[in-house]
Amino acid sequence: MKKDNIPLFFATLQAANPTPETELEYDTPFELLAAVLLSAQATDVGVNKATRKLYPVANTPQAILDLGVEGLESYIKTIGLYRSKAKHLIEACRMLVELHGGEVPRTRAELEALPGVGRKTANVVLNVAFGEPTMAVDTHIFRVSNRTGLAPGKTPLEVELKLEKRVPPEYRLHAHHWLILHGRYICVARKPRCWECAVAPYCDYKPKTPAPKTK
């Protein structure tokens, strides 16, 4: 993607959705952290269904510790990989209680030290809970960044570092959400919906998908 097109690309996404938000449901930084940890290789819709039952019962590190692994599993068993996620979340809660007074830390290093929390999860928490302009590169952002030519790279980290360089400062806070939503609903994996795409004029993807023929 030409450098001159990048501000136009983001201005268009901003005009359509000025204040994008995560589709995960949460009220506190801890609820967000737990939801993101549970969302790996799962849908936000599926995670929300589970946390709607879990959070009224246990929505703090200590309350989830009190449930124990088996108790936690009973609430999240509809989510993929729930057994390993339950163990990770319990251990993360133990560390939050013992090392951070039950509060979610605000640095990447402290977040990544928690079991089950990788760079992407840490970036989501820093961005959504604490308002930092981080780039959490998931499968949607990786695909959109490569397909459009915005920030091509072979690994999520390479894409993340390129996005940090190429996204204009005024768009960095919300860029991660605009790209996720664009990848989830328009620039989809199998056949991008180019005929519905407002940013198609700025995109490097050449075989633009035509609109389906009406019967």
Side-chain angles (χ1 to χ4, degrees), residues 19-132 134-143 155-157 160 173-174 176-177 179-181 183-185 188-189:
T19 53
E21 296 180 349
T22 179
E23 293 183 327
L24 289 170
E25 296 170 0
Y26 74 98
D27 288 320
T28 65
F30 173 72
E31 287 186 1
L32 175 68
L33 172 65
V36 179
L37 190 153
L38 295 173
S39 73
Q41 295 177 290
T43 65
D44 289 358
V45 171
V47 172
N48 290 339
K49 282 181 182 177
T51 57
R52 282 175 202 152
K53 295 176 182 176
L54 172 64
Y55 289 163
V57 176
N59 69 340
T60 65
Q62 187 60 58
I64 285 182
L65 271 180
D66 292 343
L67 282 179
V69 172
E70 288 186 7
L72 177 57
E73 283 181 357
S74 70
Y75 286 98
I76 66 169
K77 61 187 176 185
T78 53
I79 300 173
L81 308 173
Y82 75 94
R83 284 197 170 92
S84 62
K85 289 176 181 178
K87 289 175 184 173
H88 285 149
L89 184 51
I90 288 286
E91 287 309 308
C93 288
R94 183 169 284 115
M95 286 181 68
L96 289 172
V97 169
E98 293 176 356
L99 302 178
H100 303 287
E103 297 296 320
V104 176
R106 298 182 70 135
T107 71
R108 187 197 307 280
E110 289 173 315
L111 286 166
E112 287 190 35
L114 300 171
V117 177
R119 186 179 182 89
K120 186 189 80 172
T121 298
N123 278 338
V124 173
V125 173
L126 290 170
N127 178 262
V128 178
F130 301 130
E132 296 192 22
T134 53
M135 299 289 176
V137 178
D138 69 348
T139 55
H140 297 300
I141 292 183
F142 187 79
R143 179 176 65 256
T155 65
L157 181 58
E160 178 186 334
L173 180 60
H174 294 310
H176 139 254
H177 279 128
L179 294 173
I180 283 179
L181 295 170
R184 189 172 284 166
Y185 297 111
V188 293

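Small disclaimer: the values here were computed from a predicted structure and weren't measured.
- Inter-residue side-chain proximity for Y75 and L67 is flagged as met; some heavy-atom pair is nearer than 4.5 Å.
- The nearest pair of heavy atoms linking L114 to A92 is CD2-O, 4.0 Å.
- The shortest non-hydrogen separation linking R143 to G183 is NH2-O, 2.7 Å.
- No side-chain donor-acceptor contact under 3.5 Å links Y26 to the backbone of A35.
- Between E110 and L99 there is no side-chain heavy-atom pair separated by less than 4.5 Å.
- Going from atom CD of E23 over to atom CG of L181 covers 5.5 Å, rounded to the nearest 0.5 Å.
- No side-chain donor-acceptor contact under 3.5 Å links R119 to the backbone of L157.
- Here the side chain of N123 pairs no donor or acceptor atom with the backbone of T134 at under 3.5 angstrom.
- Around CD of E103, the count of heavy atoms belonging to other residues, nucleotides or ligands within 6.0 Å does not exceed 12.
- The line from NE2 of H88 to CD1 of I90 is 12.0 Å long, rounded to the nearest 0.5 Å.
- The NE2 atom of H174 sits 9.0 Å away from the CD atom of E21 when rounded to the nearest 0.5 Å.
- Taking the side chain as every heavy atom from C-beta outward, T155 and V137 never approach each other to under 4.5 Å.
- Residues T51 and E31 fail the side-chain proximity criterion, which asks for heavy atoms closer than 4.5 Å.
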For the pair D27 and Y55, evaluate side chain to side chain contact (heavy atoms under 4.5 Å, CB included) and give the outcome as yes or no after the intermediate values.
CA-CA 10 Å; D27 288 320; Y55 289 163; over 6 Å; no
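- Listed for the N127 side chain is no donor-acceptor partner under 3.5 Å among the backbone atoms of M135.
- For the pair T121 and L111, the minimum side-chain heavy-atom distance is 4.5 Å or more.
- Between the side chain of K85 and the backbone N or O of G80, at least one donor-acceptor pair lies under 3.5 Å.
- How far CZ of R184 is from OG1 of T43: 8.5 Å, rounded to the nearest 0.5 Å.
- With sequence neighbours left out, the ring-ring contact (aromatic ring centres under 6.0 Å, His included) criterion links H177 to no other residue.
- Not a single donor-acceptor pair under 3.5 Å links the side chain of D44 to the backbone N or O of T22.
- The salt bridge (Lys or Arg N to Asp or Glu O under 4.0 Å) analysis of residues 56-70, with sequence neighbours excluded, yields no pairs.
- With rounding to the nearest 0.5 Å, the separation of NE2 in H100 from CZ in F30 is 12.5 Å.
- Taking all atoms of both residues into account, the shortest heavy-atom contact from P115 to M95 is CD-SD, 3.4 Å.
- V47 approaches S39 most closely through the heavy-atom pair CG2-CA, 3.6 Å.
- In this structure the side chain of V124 reaches within 4.5 angstrom of the side chain of H176, judged on heavy atoms.
- Side-chain atoms of L96 and L33, non-hydrogen and from C-beta on, do get closer than 4.5 Å to each other.
- For the residue pair I64 and C93, the shortest heavy atom distance occurs at CG2-SG, 3.8 Å.
- Taking CG of L126 as the reference point, atom OG1 of T107 lies at 7.5 Å (rounded to 0.5 Å).
- Counting heavy atoms from C-beta outward, L72 and L54 have side chains that approach closer than 4.5 Å.
- A pairwise comparison of heavy atoms in A50 and I79 identifies CB-CD1, 3.6 Å as the closest pair.
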